[in-house]
Every structure is written in C-alpha cells, then in structure tokens.
Number of protein chains: 2
Amino acid sequence: MRKKTIEDYVELFYDIQKEKKKVHTSDIASALSINPASVTEIFQKLSNEGYINYEKYSGATLTNKGIRVAKKTLRKHNALKEFLLLLGIEGEIAERDACEMEHILHPQTMDMIIKFVEVINQCEITPFWLQRLKKYGKTGKLSRCPPELIKICLKYAKKT
Amino acid sequence: MRKKTIEDYVELFYDIQKEKKKVHTSDIASALSINPASVTEIFQKLSNEGYINYEKYSGATLTNKGIRVAKKTLRKHNALKEFLLLLGIEGEIAERDACEMEHILHPQTMDMIIKFVEVINQCEITPFWLQRLKKYGKTGKLSRCPPELIKICLKYAKKT
DNA sequence: ACAAAAATTTAGGCACACCAAAAAATCACA
DNA sequence: TGTGATTTTTTGGTGTGCCTAAATTTTTGT
C-alpha cells in the first residue's frame, strides 16, 4: 500500500468531524485498519505541522489550515471521481483511483480535468464521442464518426 | 519524492538497454540522482525477484519477465501521456503525470483511457467538445454547445 | 603488466512508518 | 465513588530505502 499523505489524513479527519465533534485515535485506526499506537504518532506529526489541535487522551480537531487543506483535497477528489464516472468507470474503482490521483496530479492537469468535466456537463446532451466510447467499452467495437458530424466540427473549427 | 516502484526501475532499464548491452549501477544512479551504493541494493532486489540477470561488478540485463513488465509499463505510460496531451496539458507536465499515473490506476481505468484516446484519434477531426475545452483552457470562457450539434447527437443517441 | 584511477560493493548508520506489549489515563456502572 | 474495562500513549523493535565511508574489483594508460 502507498504511504498515506497528510492530505489523506486530513481528508479523513474532515469526514469524521462531520459526525463527531472530536476525532479520536481509534476512529482513524479503525478506518485505516492500522494500530492505534501508529495513529498517536500521526496525530503528533499533524499537530506539529499545524493541521490539527491535539491534546493527549482527549482527541483532536482540524485547525483552519487543516480545514483548508481538507476542502481543497475534497474538491479535487470529487472532480476526479466525476471525471472517471463520466468515462464509464465503475463507482468503486472510480472512488479508489480518484483517491490515488488527487495527491499526484500537477495543478495544471487537475485544472484541465475540472474544466473537462465542466465542458461535458454544460452540454445538455451526451457528446457523440462519449456515446461511442461507452459502446466501445461494452462491445469492444469502435464505430466510425458520422460524416455530418465531421462537417459541423470542421465548420466550427474554422471559425476559431 | 514518491518511492520508486519496480515498474519504474524496469522501465528505466529498458530505456538504457536500447543503447547499451548491459546496464551498470552508475547508469541508474546518475539517471535518478541517487547514490551508486543504493543502486547495488536495488539490483540485488530486482535480481532476487527475477526481473534482471545480475552478477556483481559486471552490470545487469532484463530477464524476459523484466522485459514483459517494462513493455507493459511503457504502453501504459505512452497512452497516458497521449491522453494528457490531448487534454492540452504541457509536454513536461504530461510526461511527469503519466509517470505517476501509470503505477496507480486500476486496469479498468487504464483500459478506458486507452479506449478514450483511440476514439478521439480515430476521428479525422477534433471533436467539438475538445475545441471548446482548448478555448476554455486558454481564455477561461466556456462557450455554449451549438444547437445543430445537439440535434445530431440526440439523433444518434436514440439509434442506440 | 602494473600502478593509479574509476566503478562497484560492503558495512554501518539514519529516518520513517509501521507494529506488539506494557504502562497510563479515562470511562462506565454497581 | 471505586474498580474493572476500555482507550490511549509510551516503549522498544522491525523492515525499508536511502546515505557516507571504506574495502574491493575492474579498467586504463604507459
């Protein structure tokens, strides 16, 4: 398993804090299936770096800095998941891959993927290439692009 | 920096082997800017796990298993880079992110991205959404989808 | 062919992320 | 309210990936 990043922890904190005022080591330990002793160390690190307020034995809460990072990460996560779902990836897998991708992508790439989702969603219909992709994914057969569509695209391409 | 995977090393091996019969610790050390002593340890591990043939002081070559993994990784890498370039990501960044993504994506996601690139490339013109995405990326302004295009997409959607 | 230079490996050490077991603090209920 | 159960932290230990310095092997130039 990949090493967990600060973003991972802070995101999880944010999620747990929605239901509970304070986050306890046991919450994280059970969520990640790791030893509570390890979580204590993580709490100490997150606290040192200013992401959480932590006092021994009494649980922890996100600082403003922590909340900021959590929200930013969540935005990335959601955009990536939406993107993957758009491509026709299964829910569980989209969730998993979004989680992996959110930590590694360059901001410019991230930005472009967000814009990509916006462009596709702003359209009231499923773009034709997406229809073709879905069919290709299911059947393994890749249909041709209809000439009338090509004509229109060419027309708009010239305009630009 | 992220921990290097076996795929990373094997891919690099493959690249170096194109020009040199044998790969030496110094090749990897300079390529990755790490200490030659560390590379010796990596060679031992790769050898133990059957990815390279290695004899002390005389360099190493990929085994068939190693070559298989390298080729598979390279295929993923190229597809991902092509995908990112398609979205309008800059070359250097596309290269970097492809390198990161190739190790983490679920096979189903990888497969869908390869198909995505195929669908877009098979078309002799730039799909309209991609034209819009490029413009959106540059100007920050998101144009609307022209009605005549919507009509055609709807028509083909019904056919399916 | 041999000594100096270069490349490679070994040895020993550090930092880190995890663990299990023991100690300490907190909680829960009789 | 006190004591046993539970949670949390401390302590000490492991494996890994990297490092530097020293030892060893190979290469190179005369």
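Within every chain, numbering begins at 1; the chains are lettered A, B, ... in the order of the sequence lines, protein sequences first and strands thereafter. These numbers were taken from a predicted model, which means no experiment stands behind them.
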- Query: Under 4.0 Å between a side-chain N/O of Thr40(B) and OP1 or OP2 of dT8(C), yes or no?
  - Reply: no
- Establish whether Leu85(A) and Phe83(A) are linked, either directly or via other cluster members, by ILVMFWY side-chain heavy-atom contacts under 4.5 Å. no
- Message: Is Gln44(B) close enough to dT9(C) that one of its side-chain N or O atoms is under 4.0 Å from OP1 or OP2 there?
- Response: no
- Task: Would you kindly give the NZ-to-P distance between Lys3(B) and dT16(D), to the nearest whole Å?
- Result: 10 Å
- Query: Want to settle it: does Pro36(B) or Glu41(B) sit nearer the 5' end of DNA chain C, counting the closest nucleotide to each?
  - Reply: Pro36(B)
- Between Glu11(A) and Lys72(A), is there a salt bridge with N-O shorter than 4.0 Å? no
- Hey, does Ser26(B) reach any base, or is it just sugar-phosphate, or nothing, if we go heavy atoms under 4.0 Å? sugar-phosphate
- Query: Nearest to the side chain of His24(A) - dC18(C), dT9(D), dT8(D)?
  - Reply: dT8(D)
- Query: Centres of the Phe13(A) and Phe43(A) rings: under 6.0 Å?
  - Reply: yes
- Query: OP1, OP2 of dT16(D) versus side-chain N and O of Lys45(B): anything below 4.0 Å?
  - Reply: no
- Query: Between atom CG in Leu32(B) and atom C1' in dC19(D), what is the gap in whole Å?
  - Reply: 15 Å
- Task: Looking at every strand, decide which applies to Glu55(B) at a 4.0 Å heavy-atom threshold: base, sugar-phosphate, or nothing.
- Result: nothing
- Give a yes/no answer on whether the side chain of Lys56(B) brings an N or O atom under 4.0 Å of OP1 or OP2 in dT10(C). yes
- Side-chain atoms of Ala37(B) come closest, of dC18(D), dA17(C), dA21(D), to dA21(D)
- Note on the structure: Between OH of Tyr9(A) and C1' of dC16(C) the distance, given in whole Å, is 11 Å
- Message: Using a 4.0 Å heavy-atom cut-off, does Thr25(B) contact any base of the nucleic acid, only the sugar-phosphate backbone, or nothing at all?
- Response: sugar-phosphate
- Task: Can you tell me the distance, in whole Å, between the OH atom of Tyr54(B) and the P atom of dT9(C)?
- Result: 3 Å
- Phe43(B) CZ to dT10(C) C1': how many Å, rounded? 16 Å
- To the nearest Å, give me how far apart CG (Leu46(A)) and C1' (dC16(C)) are. 15 Å
- Task: Would you mind telling me which of Glu7(B), His77(B), Lys4(B) makes a side chain to side chain donor-acceptor pair (under 3.5 Å) with His103(B)?
- Result: Glu7(B)
- Query: Under 4.0 Å between a side-chain N/O of Asn35(A) and OP1 or OP2 of dA20(C), yes or no?
  - Reply: yes
- Task: Output yes when at least one side-chain N/O atom of Lys4(A) is less than 4.0 Å from OP1 or OP2 of dC18(C), else no.
- Result: no
- Quick one: is dC19(D) close enough that its OP1 or OP2 comes under 4.0 Å of any side-chain N or O from Ser38(B)? yes
- Should the pair Phe116(A) and Trp129(A) be assigned to parallel (<30°), tilted (30 to 60°) or perpendicular (>60°) ring geometry? tilted
- Query: Between dA17(C), dT9(C), dC18(D), which one does the side chain of Ile42(B) approach most closely?
  - Reply: dC18(D)
- Whole-Å gap separating P (dT9(C)) and CD1 (Ile28(B)): 12 Å
- Can you tell me the distance, in whole Å, between the CD1 atom of Ile6(A) and the C1' atom of dC16(C)? 13 Å
- Message: When you measure from the side-chain N and O atoms of Tyr57(A) to the phosphate of dT10(D), is any distance below 4.0 Å, counting only OP1 and OP2?
- Response: no
- Considering residues, nucleotides and ligands other than Lys20(A), do more than 12 of their heavy atoms fall under 6.0 Å from its NZ? yes
